[in-house]
Amino acid sequence: MKKYSSLFAMIILLFVADNLKAQTGKVGINTAVPVTGLHVQDSGVLFNHGFYLLENFPSIDNALPPVSGAGARLMWFPHRKAFRVGQVDGTQWDRLSTGNLSFATGLNNIAHGRISSVFGRNNTANGDVCFVAGQFNDPVVSAGTNTGTALPLGSAAPLFIIGNGDAANNLSNAMIIRKDGKAGIGTNLPSDKLHINAGASEDALRVQVNSSTKMRVWNNGGTSVGIASTPPVNGLLVNGAIQPQNGIATPAKMVIESSADSIIVNAGGSQIIIAANGNILIKTTAPGSKIEIESAGELKLTGNTINVTATSTLALNGALVRFNGGSTPVAKLGSVSTVSGPTATVASNVSSTVLTQ
């Protein structure tokens, strides 16, 4: 009997050995013709592990992934509830580089932050709940603990990063969005809801309507509005009307310049024209209107010829009216005087108020 028992045991061992050897080939579940290493036909696949989210649980935190080191693979790391697919050439998917509840796909990507996701190549997500795409990104924040659930995020925590670096020693970000809602393009430290930092040879901003440029911030520091033409350095070029509702105020001098044409200011029926040939015209056509020039100090009119024409009355009002700097007679306030002739004789209907020097 013992002889037959031994023979039966030997047959069982041979059968098991043969089946174990068969596992080196293709395995089919619900199919007799598997086409890959593991072929599951008409059924779902479940990878299950215990439910736990607490930190400082050594048996969980110190557990190793199914495979470490370089390689191309699809891997579920149950103790970190982390998923990896793609390829790495080093330790990017080892335990210390794997955040709890994280996801990474592509080439040499590290999802170190908790609940972080990384796509592209050679990218790193150190922040919790951080999404990274592109290549060779600057992670912005340093790597911290990567186990347990994500803690409350600080206002400056990066949530979204697009990397545009070229190599491991030239990390860079094209764009970053933070927890406080501030977005940076060309900067990792946005100070406003949208902060654009362009390089010295780059134009910072362009806005088009129906494919036509309506606003552009140029690399010379100037801005053009309504046109795509280059503005003056650190200046403003506007093609179209400007309608400030509350005036224009400046703490420094304001220069209005036209190098080839006139400058015209219109207000109702009044107009000021500064012509390119040097002429200046101030006029008003509104009935009953007047032009006033007021000065708290001295007012001078200087020119080779100065013509003052009045169709009715010319009034000169002052405490003392002088002619030729005081070398001719003087009229006092309130006098009615007539100045005539090349010798500037003065006649008055109130002779006592006419003085001579």
Taking [Y] as the starting point, is it possible to reach [X] by hopping between hydrophobic residues whose side chains are less than 4.5 Å apart?
X	Y	value
I242	L236	yes
V265	V255	no
I293	L301	no
I161	V141	yes

Main-chain N/O of [Y] paired to [X] side chain as donor or acceptor, under 3.5 Å:
X	Y	answer
N137	T124	yes
Q135	G165	yes
T105	V85	yes
N109	N122	yes
T91	D94	no
S102	S116	no
D128	R114	yes

Does any non-hydrogen side-chain atom of [Y] lie less than 4.5 Å from one of [X]?
X	Y	answer
S224	S229	no
N219	E202	no
P158	F160	no
I291	T284	yes
E294	L299	no
L159	C130	no
I176	V140	yes

Taking all non-hydrogen atoms of both residues into account, name the closest pair between [X] and [Y] and its distance.
X	Y	answer
Q92	N108	NE2-OD1, 3.4 Å
R80	N100	O-OD1, 2.6 Å
A125	V132	CB-CG2, 3.7 Å
S295	E298	OG-O, 3.6 Å
P232	L237	CD-CB, 4.3 Å
N220	P231	ND2-O, 2.9 Å

[atom1]/[X] to [atom2]/[Y] distance, rounded to the nearest 0.5 angstrom?
X	Y	atom1	atom2	value
I185	I196	CD1	CD1	4.5 Å
I274	I263	CD1	CD1	5.0 Å
T31	I29	OG1	CD1	10.5 Å
F119	I162	CZ	CD1	12.5 Å
T98	H79	OG1	NE2	13.0 Å

Between the side chains of D203 and R216, is the shortest nitrogen-to-carboxylate-oxygen separation below 4.0 Å, so that they form an ion pair?
yes

Counting heavy atoms not belonging to [X], are there more than 12 under 6.0 Å from its [atom1]?
X	atom1	value
I306	CD1	yes
K179	NZ	no
I256	CD1	no

Test log, rule side-chain contact (heavy atoms from CB on, under 4.5 Å), inputs K81 and W76
CA-CA 7 Å; K81 288 83 67 182; W76 164 249; 4.0 Å; yes

Give the ring-plane orientation class for F83 versus F103, where under 30° counts as parallel, over 60° as perpendicular and anything between as tilted.
parallel

Mind checking side-chain contact (heavy atoms from CB on, under 4.5 Å) for [X] and listing every partner two or more places apart, or none if nothing turns up?
X	result
I248	P244, M254
A275	S262, N277, N279
A183	M175, I177, L194
R73	V67, M75, V88, W93

Could you identify which residues cluster with I264, counting Ile, Leu, Val, Met, Phe, Trp and Tyr as linked when any side-chain heavy atoms lie under 4.5 Å apart, either directly or through a chain of such contacts?
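Once heavy-atom contacts under 4.5 Å are chained together, I264 belongs with I273, L281.
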
Give the C-alpha distance, both sets of side-chain angles, the deciding distance and a yes or no for side-chain contact (heavy atoms from CB on, under 4.5 Å) between R121 and F136.
CA-CA 7 Å; R121 66 166 181 160; F136 293 102; 4.1 Å; yes

Evaluate V225 against K214 for side-chain contact (heavy atoms from CB on, under 4.5 Å), listing each step before the verdict.
CA-CA 6 Å; V225 178; K214 298 304 178 183; over 6 Å; no

Is there a side-chain contact (heavy atoms from CB on, under 4.5 Å) between N62 and R95? Walk through the geometry before answering.
CA-CA 8 Å; N62 297 329; R95 178 177 66 86; 3.7 Å; yes

Distance only, no hydrogens: is a donor on one side chain within 3.5 Å (strictly under) of an acceptor on the other, for D138 and N173?
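No.
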
Between T213 and R206, does a side chain to side chain donor-acceptor pair (under 3.5 Å) hold up when you go through it step by step?
CA-CA 7 Å; T213 298; R206 185 172 187 172; 2.8 Å; yes

Check: residues 36-43 side-chain donor-acceptor pairs under 3.5 Å, at least two apart:
from, atom 1, to, atom 2, distance (Å)
H39, ND1, V35, N, 3.2
H39, NE2, Q41, OE1, 3.1

